[in-house]
Every structure is written in structure tokens, then in C-alpha cells.
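Naming: A, B, ... by sequence-line order, numbering from 1 per chain. Being a predicted model, the structure only gives us computed values, none of them experimental.
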Amino acid sequence: MISVALKMLLRDKGKYFGIVMGVTLASMVITQQGSIFVGIMTRTFALISDMGDTDIWVMEPKVQFIDDTKPLQDTALNRVRGVPGVAHAAPLYKGILRVRLESGEFQNCNIIGIDDATLTGGPPEMIEGRIEDLRRADAVIVDIIGATTRLARRGPDGAPVPLAVGDTMELNDRRGVVVGISRNTRPFQSQPMIYTTFSRATQYAPRERKQLTFILVKADAGQNVQDVCDRIARETGLAAYTRDQFKSMTVSYFINNTGIPINFGIAVSLGFIIGSVITGFMFYSFTADNLRYFGTLKAMGTSDGTLLRMIMTQAMVVGVVGFGLGTGAASWFGASMSGTPLAFRLTWELLFVAGTAVVVICLISAMLSMRRVITLEPAVVFKG
Amino acid sequence: MTASARRAVQGLSVAVRCRQVVKTYGSGQSAVRALRGVDLDVHTGELLMLVGPSGCGKTTLISVIAGVLDRDGGECSVLGQDYAAMRPDQKTAFRARHVGFVFQAFNLIPTLTIAENVSVPLLINGVPRKQAVEQAREMLSQVGIGDRWRDVPARLSGGQQQRVAIARALIHKPKLLVCDEPTSALDHVTGQRVMELLRGVASRHDLSLVVVTHDQRIFEFADRVAEMDDGHIERISAGKGHTHAESPHRGFDAPPKNEHPLNPHAPQGSNEPNPEHRS
Ligand SMILES: Nc1ncnc2c1ncn2[C@@H]1O[C@H](COP(=O)(O)OP(=O)(O)OP(=O)(O)O)[C@@H](O)[C@H]1O
Ligand SMILES: [Mg+2]
């Protein structure tokens, strides 16, 4: 009888299409909007991802997320170095500076100052030049996205000419020479990234008493990273987080303090609700239209259990097909957007969420229909 | 073999036995007493017609007999069993095994081919799909539309659809066939042919048929005619149904003898009047 159920569904092309559309819409909107949300959230901790060697981030205890810069005393570095289990600790400057380009235009840029001695915390990938080139006078490394967009100058024909190795800029009246171009994980904020050494960054920056933003710690091999974090916090009074903790702190900050999750939440909920309504309504009307035949099957001796299995099978088929089409369309969208500035990250958790939503939609639809069929009196078949 | 002789062979002479069957719809002011004490026996192997004015309770009675509606009182045994003593799932299984249904509106599933439609009772009884469809095709050729097995019902005429419905009602070899106005959606000639088909079926199987009808012109196919009024059986009279299947010579108004009772398209005697040219 399952084959009968499938034929009833699949050969009723119009209705089948409508029901599947509902599921497709819901799973597409959920995965597509969800992927963009996850993509954006991933960008908020792009810098943490790019400093993948760092086990522990040490900072001022009031810091809530990566862009929340509250500097430390310079002495903090040595105190951290003295904590048992710390193999290596490097200073990091992070701040925003107004950069004057050769054209005379100004542009706000993220300045990252990395440890002069070890160059720990440099860009993850170099397209041109080497990180070591930062040791040259006035050297800076610029990320490729910044170099080709906001830091590019207008050529004679109006087309943008990317900032290139050898070009110069002015950072707070001090000279900077581009010695390399890096490729970074695209950050949430669209300001260009400029890497330089820690000592040079502190010269570029407006004179402040404290200039140490973060301390990047590598734990001794074999040490439990969490234990080292706890020890640093206990002995220095500073905050110390593992890389993953700092990432989730950053994401939490954006979730709790921006409208981003609400916007995506609304889109995802709308997708779910509209998909549910379409599917539920179409599926119910499919069952209602076939009620005479379900009644006939019932009179002819089909058990309630079999009827339920038939409806469940129909719901499952539209669920699987709709989910496949919806997530397929979302991944296709994501793939076609790769290389553009759009943030898109489709994770298995999102597929799981969309899958759960589809199961819920199909269960609700099937349940409504089942109720109708189970309460149907078989005697109605004789009614005209 | 006469109907009574067949009954003797089968041992069980009464397929359906109703005594003082009562059925009331609703309650209080709006209660409708549809059956008010029905006494009726349906003999094994006979074609019993149930006639009467609209609203007299015919459909209600066959619903009770077929086990799709619970009676409120009285006794009713079908093939020696009482629905009132069965659990709902046992009733469902009983219908699946022993009862066939023919409806006024055919009730064929529009998205299934006619062979698939006919195979449904076998599927309900757990016959594997391939085997069921094969048997269905055979059954379809027996009712004279074997070549159309791939078509969907909508591509068939009303008479052809009712043939499909009859094939579906018979494929699992039920012992009781209930038909509610099987010809009233059909024109007269087509109705006659459908009745010939049912008549042929009745003479071949150990099958009892209860046919509800308004159509006086098909009374001639009945073994007996039970007249109903106001929730009672008023009168039962002998029909001339046995002459159709059994007597070699019939009156002019009788339909032709059919060498293939299940197949009206099979060659017939040339001296017989063709029913299509009668009215
Ligand atoms: N489900 C129901 N609820 C309430 N009353 C009903 C129901 N079904 C039938 N009735 C009533 O019971 C009576 C008998 O109905 P039934 O359908 O058995 O008549 P019938 O002889 O088949 O009529 P017809 O020839 O018009 O088909 C009628 O008065 C009808 O209105
Ligand atoms: Mg009726």
C-alpha cells in the first residue's frame, strides 16, 4: 500500500510540486540565511582565527571581544612570561589609525603591531613579500582586500590601481612603506588591515601611557591549556582565554549587542513559518482532496495503521525532496557567491537545524491529515 | 445449478441474517431512525436487490451489512459472524478478506492506472505488488477491458469505469458484494451491461450480492427483490434473475444469454436480441 501512497502523491504533479515548494522554501531560507549569519559571525573573530598558533589570549579583564581594546601595562608581558607553563608570550598592538594615502586621501585602518623579535601573530598567508620584511625600515604589510579596494588609488582612466609593494603611506605623520601583501580571513569590519612591528605600531599610535593590547601565549608542550589560562589569571590578575573561548566570547558579544541575530532570526522564522503554512496547507488539501479515496481504502479493509504509514510516507517523501532541493539551492547560492564579499558558511549544524525544521513541518502536516483520515467514518463512501 | 442447489452444495445457506436491526443517526430532537427493525436474509450465491424510496434506509442497511457502520440493536450475522463481537481491527480485516464494494461514483483512485486500482484489495491483503497487478490485468480482461490496463480511470467511459470497479470488488474473491446504486450514474444500456456482468459474477462464485437500486429496469437481474420503506423491509418477491444465467430460452424482454458471463464483448448467439438496440 506504500506504493499506492507514493503514486497518489507523485502523480498528482501540481499538488506534489506545491507541497515540496513549501519544504524547499523553508529549508532554503533557513540554510541560506543561517549560512550568512554564521559567515558573518565567523568574520567577527577573523583575527583570532588568523593567529592560529596562539593557545591563549591574555587581556585586560574588562575586555569583552576582539575589537574591544583596553590596553595593559607594559609590565604585564613579563609577568605573564613568568607564569609556569607559559612557553612563550608575545605582545600585540591592535588599534585603528587614520592613514593618509599618496593621493592625499585619508582612510581608517586596523593596525596590528606584532612582536619585533619573533614576529608572532603575523598574517596567515603572504601573497607578496615575506613577514620578515617587516624588519626593514618603516615596513608595513597590507592585506590584499584593503590593497585592492579602500587603499587603491584612482588611475588615470578612473579604474582603481591596487596599493603595491614599494608604495608609501603616512600613519600619523610617520612614513610607512609597503613591503608585502597578505591574504587574511575577511574580517567583519571592512577597514583594511595593516601589519607592522609592535614597536613601530606604538610610534604610529597617538601617544598613550599603555599600548599593549593583547599578549599572545603559547603553552608549554604537554600542558593543559585551560590550566595555564587559570594560572595566568590567578597570578597576574589579567584575563586569559583559550583561542576558542575568545572566539565564542566575541560571537556572544555580537549576538547580544547587535541587531544582527534579530534580523537573521526574523528571516529564518519567516522562512520556517511561511514554509510550514504552505506545506501544511497544501498537504492537508492534498489529503482532503483524496479523502474519498482514503475512505474507500478504509471501507475496503485498509487498517488505520496502514493509512497512517501511507500518509507518513507521503510526508517523508516531500520532506526529503524539499530538504534536498532547499539545501541544494542554498549551497548553490553559497558556491556562486564564493569570492564575493558575501559572508556564507554552511555548517552541518545548520543542515541539522534545517532538517529538524523540515521534520517538524512534515510531522505537523502529516498529523493534521492523519487526524482527518482516522476520524473518517468508512460509511461515508456510500454518500454521493 | 439453481441458487438453492448451490446453497445446498456450500452447506451455508444464509450469507447474511438480519433480525430486528435498528440504526438511529444522531440523538434527541434531531434523531433519525434510519432502520427500525429490519428482518432480512441474503442467501449464499443469490443476487438480492434492495429497492425503495429515497431516504428509506437502503444505504444504511448495506453499510451495516458490509461492516462499515455499527448497528444500534438487533441481530446481524454475516458469513456466520457478528460484527458486534469483533474488535475494530478484526472488522477491518474481515472486510478486507470477505467483502467487496461497488459504489455509485465508482471511487477509483484517479492517479492510479486501472490495473493498479484493481490490485488494491490484493495489496490490502498482503499480496506482493507484481503478483497483484498481474492478477488485476487478468481480472480486467475478464470484465472485457484487458487492453486498457495502463490507462487512468479518467480516460475510460462511465460504464468502463464501473467495470473496473467491479473487477476491483471481485479480485480478492470476496463472499459478499455490496453495490450501492451501481448503475445510476450510467445510461440505461450501459447500466444493463454492468448488471449483466454482475449477474454473471453471481452465477459463478459462491458469492452473495446485495444491490441497492432505484432503477426498476434492472429488477429483472435479481434473484429476489426486497422492498424497503421507512426503515423496514416491506416485502420480498422473487425476481427473474435465475432465468438470465440459467435458462437457455428467455422472453423477449430478457437480456441475451451470454456465453461469457463476465465478458459482454464475447461473441453472442446471432438470434439473440442485442440489448443495446432494445430501448
Ligand atoms: N450520517 C447520517 N447522519 C444523519 N442522518 C443520516 C445519515 N445518513 C443517513 N441519514 C438519514 O437516514 C435516513 C436513511 O438514509 P439512507 O442514506 O440509508 O437512505 P437511502 O435509502 O439510501 O436513500 P437514497 O435512496 O436517497 O440513497 C435518511 O433519512 C437520511 O437522511
Ligand atoms: Mg442511498
Report the distance from atom [atom1] of [X] to atom [atom2] of [Y], rounding to the nearest 0.5 Å.
X: A:M1; Y: B:I124; atom1: CE; atom2: CD1; result: 4.5 Å
X: A:T302; Y: B:L123; atom1: OG1; atom2: CG; result: 9.5 Å
X: B:L112; Y: A:R11; atom1: CG; atom2: CZ; result: 6.0 Å

Is there side-chain contact between [X] and [Y], with heavy atoms separated by less than 4.5 Å?
X: A:V381; Y: B:V68; result: no
X: B:T111; Y: A:Y293; result: no
X: A:T296; Y: B:I109; result: no
X: A:R292; Y: B:N107; result: yes
X: A:M300; Y: B:R168; result: yes
X: A:F382; Y: B:V178; result: yes

Original post:
Checking heavy atoms, do the side chain of A:T306, its backbone, both or neither come under 4.5 Å from chain B?
Top reply: neither
**OP:** Please state whether the side chain, the backbone, both or neither of A:L10 comes within less than 4.5 Å of a heavy atom of chain B.
**Re:** neither
**OP:** For residues A:K298 and B:R95, report the shortest heavy-atom separation together with the two atoms involved.
**Re:** O-NH2, 2.9 Å
Heavy atoms from other residues, nucleotides or ligands near [atom1] of [X] exceed 12 (cutoff 6.0 Å):
X: B:R129; atom1: CZ; result: no
X: B:K175; atom1: NZ; result: no
X: B:R33; atom1: CZ; result: no
X: B:Q216; atom1: CD; result: no
X: B:R155; atom1: CZ; result: no
X: A:F281; atom1: CZ; result: no
X: B:E75; atom1: CD; result: no
X: A:F17; atom1: CZ; result: no

Using heavy-atom distances under 4.5 Å, tell me whether [X] contacts chain A through its side chain, its backbone, both, or neither.
X: B:V99; answer: neither
X: B:S184; answer: neither
X: B:D89; answer: neither

Original post:
Do you know which of A:S303, A:A299, A:G295 has the most heavy-atom pairs under 4.5 Å to chain B?
Top reply: A:A299
Original post:
Does B:R97 reach the main-chain N or O of A:G301 with its side chain, forming a donor-acceptor pair under 3.5 Å?
Top reply: no
